[in-house]
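Below is one structure, written out as structure tokens; the observations come after it.
Only this structure's heavy atoms are used, side chains among them; waters, hydrogens and symmetry mates stay out. Below, chains carry the letters A, B, ... as their sequence lines are ordered, and counting in each starts from 1.
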Amino acid sequence: MIIALVDCNNFYCSCERVFQPRLEGRPVVVLSNNDGCVIARSNEAKALGVPMGAPYFKHRDTLQKAGVAVRSSNYALYGDMSHRVMTVLGGFTPNVEVYSIDECFLDLSGFMGQDLTAYGQMIRDTTKQWTGIPVSVGIGPTKTLAKIANRVAKKDPDANGVCDLTDPALAEAAMSKIGVGDVWGIGRRWRKMLEGRGIHTAKDLRDAQEGWVRQKMGVVGHRTVMELRGTPCVDLETIPQDKQTVCVSRTFGKPMTDYEGLHAAIATFVMKAGEKLRKLDLVATNINVFVHTDPFREDRAQYSKSVTVDLLTATNHSGKILAGALRGLRGIYRSGYHYKRAGILLLELERSGHAPRTLFEHDDQKGQRLMAAIDAINGRYGHGVVNYGQIRRSSTWYMTQEHRSPRFTTQWDELPLVVP
DNA sequence: TCTGGGGTCCTAGGACCC
DNA sequence: TCTGGGGTCCTAGGACCC
């Protein structure tokens, strides 16, 4: 097997740059929802030492002094740009797995014996030219080794953005230079555990004793070791699997104390989730509702609670889901707390049409037409144009997004202008 | 004053069954 | 001192990913 991992460089920052060329060469960071954390950094911003996931308020002054361009996240733009990149990549091999918004695995097994580095270079150049997004290409016999190759492609200036580790000797040399915590599948906890036992590099992990790994890290850890040894254990999933859960949750700009505020928030989440569900052609039979206070405010009383409500029928009708969600919320709401975060999870998802029917169910064609109409209107005129009455526009919890760029590619009135 | 959001898979333990 | 064996299902929690 030959797998290539194509990863967009600093994806969100690169998306911002495509339509704002003046950001080229300047440090750029993109913030999470609510402008809370730094979640993407250009190379220049990384060089300034702003860590990934850092709270924005702690670094605001540093960023400002260094002349860093700051952007709120603009998922409409990133999602559309991602789609463009994936479409281009799909032209290089019939078997691709879109792994995340900015990563894609390509099956290059058919190119065995050919100059893979040259092909990788072509993928890179074409993607950049057709979408404006720079990517790195890592090639190896397994997904885990392709990940490592990709890391080398990004970090090693001589690689010119492409690294082929299908040669075992090259793979070994690369592994001896990569920290065990940088291996795909090894997070903070396991890194600590492994380093405590003298396993510091990817190569050390590859050479670790199999039985010991199986016992300490389960089948997942064992798979990682086998993949480092060149035995594929993680298949390429070319057909996207149906989602098992759909989640919508938000941290509030300001803490909320009254029931009405939470009620409005939950209702908004249900509308979003219902839209997602219908887009995916799925139905849900259970909904989980949760609320949290602010864990960072240790001086205040903490409360966090969740409840799962049976919707009694598999549905993607926002109204029916909303009724269940509010029943759940009433059950877990306690007055006297400062709520900072809430959300819903839709569970037990199935393809609509495949779901079991209950005895009392009838085809709710009217409801389906209503949902279709709402989706069409909101799709055309903006989310939230049509809503249930529970959702008041005046709600105070709306996200802080002080630095969002225009949705250049998905809103007619936000298209980039070319001034002659 | 200000700390994101959306996912997956695995495991252990308890309840329950015959 | 002794207290079966084998199984399923569910849930909570832990680990990881981007």
Note: A:R351-A:D242 ion pair, threshold 4.0 Å (strictly below):
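A salt bridge is present here (some side-chain N lies under 4.0 Å from a carboxylate O).
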Is the closest basic N to carboxylate O distance between A:E44 and A:R17 below 4.0 Å?
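So A:E44 pairs with A:R17 through a salt bridge.
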Hey, can you tell me if A:Y259 and A:H263 have their rings parallel, tilted or perpendicular (30° and 60° cut-offs)?
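Geometry flag for A:H263 against A:Y259: perpendicular rings.
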Could you label the plane-to-plane angle of the A:F92 and A:Y119 rings as parallel, tilted or perpendicular, counting under 30° as parallel and over 60° as perpendicular?
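The arrangement is perpendicular - the two ring planes meet at more than 60°.
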Looking across every strand, which nucleic acid part, if any, lies under 4.0 Å from [X] by heavy atom: base, sugar-phosphate, or nothing?
X: A:D35; result: nothing
X: A:S73; result: nothing
X: A:K276; result: sugar-phosphate
X: A:Y56; result: nothing
X: A:I186; result: sugar-phosphate
X: A:V183; result: sugar-phosphate

Whether the A:T251 and A:N34 side chains hold a donor-acceptor pair (N or O, under 3.5 Å, no angle test) is what I'd like checked.
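No.
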State whether the side chain of A:T93 and the backbone N or O of A:D107 hold a donor-acceptor pair below 3.5 Å, judged by distance alone.
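Looks like yes, one N/O pair under 3.5 Å.
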By nearest heavy atom, map A:C247 and A:F296 onto DNA chain B; which one lands nearer the 5' end?
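Per heavy-atom nearest nucleotide, the more 5' residue is A:F296.
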Residue whose closest nucleotide on DNA chain B lies nearer the 5' end, A:D242 versus A:R297:
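In this pair, the answer is A:R297.
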Heavy-atom contact window of chain A on DNA chain C, given 5' to 3' at under 4.0 Å
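Contact span on the strand: C:dA15 to C:dC18.
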Can you confirm whether A:D102 sits close enough to A:D7 that some side-chain heavy atom of one is under 4.5 Å from a side-chain heavy atom of the other?
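Yes, close enough: below the 4.5 Å cut-off.
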Is atom NZ of A:K128 surrounded by more than 12 heavy atoms (other residues, nucleotides or ligands) closer than 6.0 Å?
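Yes, enclosed.
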Does A:Y333 have A:R330 sitting over its ring (NZ/CZ under 6.0 Å from centre, angle to axis within 45°)?
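No, a cation-pi geometry is absent between A:R330 and A:Y333.
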Give DNA chain B the dot-bracket treatment, 5' to 3': Watson-Crick (N1-N3 with N6-O4 or O6-N4) or G-U (N1-O2, O6-N3) under 3.5 Å, [ ] crossing, | other strand.
....||||||||||||||
